[in-house]
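Worksheet for the structure shown next.
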2 protein chains.
Amino acid sequence: MYSRAVKLSSFFGLAVRRHRQLLRLSQEELAARAVIDRTYISGVERGVRNPTLDVMERIAASLGVGLDVVFATARELSAERENE
Amino acid sequence: MYSRAVKLSSFFGLAVRRHRQLLRLSQEELAARAVIDRTYISGVERGVRNPTLDVMERIAASLGVGLDVVFATARELSAERENE
DNA sequence: CTGTGACTAGAAGTCCGTA
DNA sequence: CTACGGACTTCTAGTCACA
């Protein structure tokens, strides 16, 4: 509760991972769609990269959704962690 | 209608501008809150910049919302343009 | 299939000033 | 207050070898 302006940055990668797994895609397949290196996707999902809007857009598009959907998922994931 | 994976990237800046104006903040004030250069905010709002997740997060937080909200606004703005 | 460290060209982001 | 430019520093984008 009381989740004003939670840092979604760390959850963006997890949201990407969730969407990717829902589509039964491997990191390699997603990377191919987004025209991004496989290891880069790995870094994004783990939160060790700080991607630009352009890259994020390409990833979201390759997941068949918009960034608003990805960030909505990110918030859901962050909300789950709040019950602790 | 039927807006699958619209490019929200170009509307992110406009969404930021809308949120900022709703708060009656100047670009300078927003920049100060987000600890970002004044001229950079200007560039982001005009869509001539390609900000990183970190910066976008700080901007959204300084607007009192999360990135999911900003991108939801971005989608609304893009939807308005679709009626043409 | 995925995680990780290291590397470099080029873009992100800062800071100055002008209109 | 904001748009825009140039010069500068910091960091990301993109890639590879290896585990």
Test side chain to side chain contact (heavy atoms under 4.5 Å, CB included) applied to A:Phe12 and A:Val44, step by step: CA-CA 8 Å; A:Phe12 174 76; A:Val44 168; 3.9 Å; yes

Candidate pair A:Phe11 and A:Arg18, rule side chain to side chain contact (heavy atoms under 4.5 Å, CB included), full reasoning: CA-CA 10 Å; A:Phe11 291 94; A:Arg18 170 163 289 188; over 6 Å; no

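For the residue pair A:Asp54 / A:Thr52, no side-chain donor-acceptor distance below 3.5 Å is found, with atom types taken as modelled.
The side chain of A:Gln27 has C:dG3 as its nearest neighbour among C:dG3, C:dA6, C:dG17. For B:Ser42, the side-chain atoms get nearest to D:dA3 when compared with the rest of D:dC16, C:dT4, D:dA3. Proximity note for B:Thr52 (side chain, C-beta onward) versus C:dT14, C:dG3, D:dT12: the nearest is D:dT12. Among the nucleotides D:dG14, C:dG3, D:dA3, the one closest to the side chain of A:Arg58 is D:dG14.
Side-chain N/O atoms of A:Arg46 include one lying less than 4.0 angstrom from OP1 or OP2 on C:dT4. Checking the phosphate oxygens (OP1, OP2) of D:dA3, a side-chain nitrogen or oxygen of B:Arg17 falls inside 4.0 Å. Contact annotation: B:Arg20 side-chain N/O to D:dT2 OP1/OP2 distance is under 4.0 Å.
Cluster annotation: B:Leu23 is connected to B:Leu30 through the hydrophobic network of ILVMFWY side chains, with a link wherever side-chain heavy atoms come within less than 4.5 Å.
Residue-level contact check: A:Ile41 touches neither bases nor backbone, having no heavy atom under 4.0 Å from any strand. B:Val48 comes within 4.0 angstrom of nothing in the nucleic acid, heavy atoms only. Counting non-hydrogen atoms under 4.0 angstrom, B:Glu28 reaches a base of the nucleic acid. Contacts of A:Asp37 with the nucleic acid, taken as non-hydrogen atoms under 4.0 Å apart, include base atoms.
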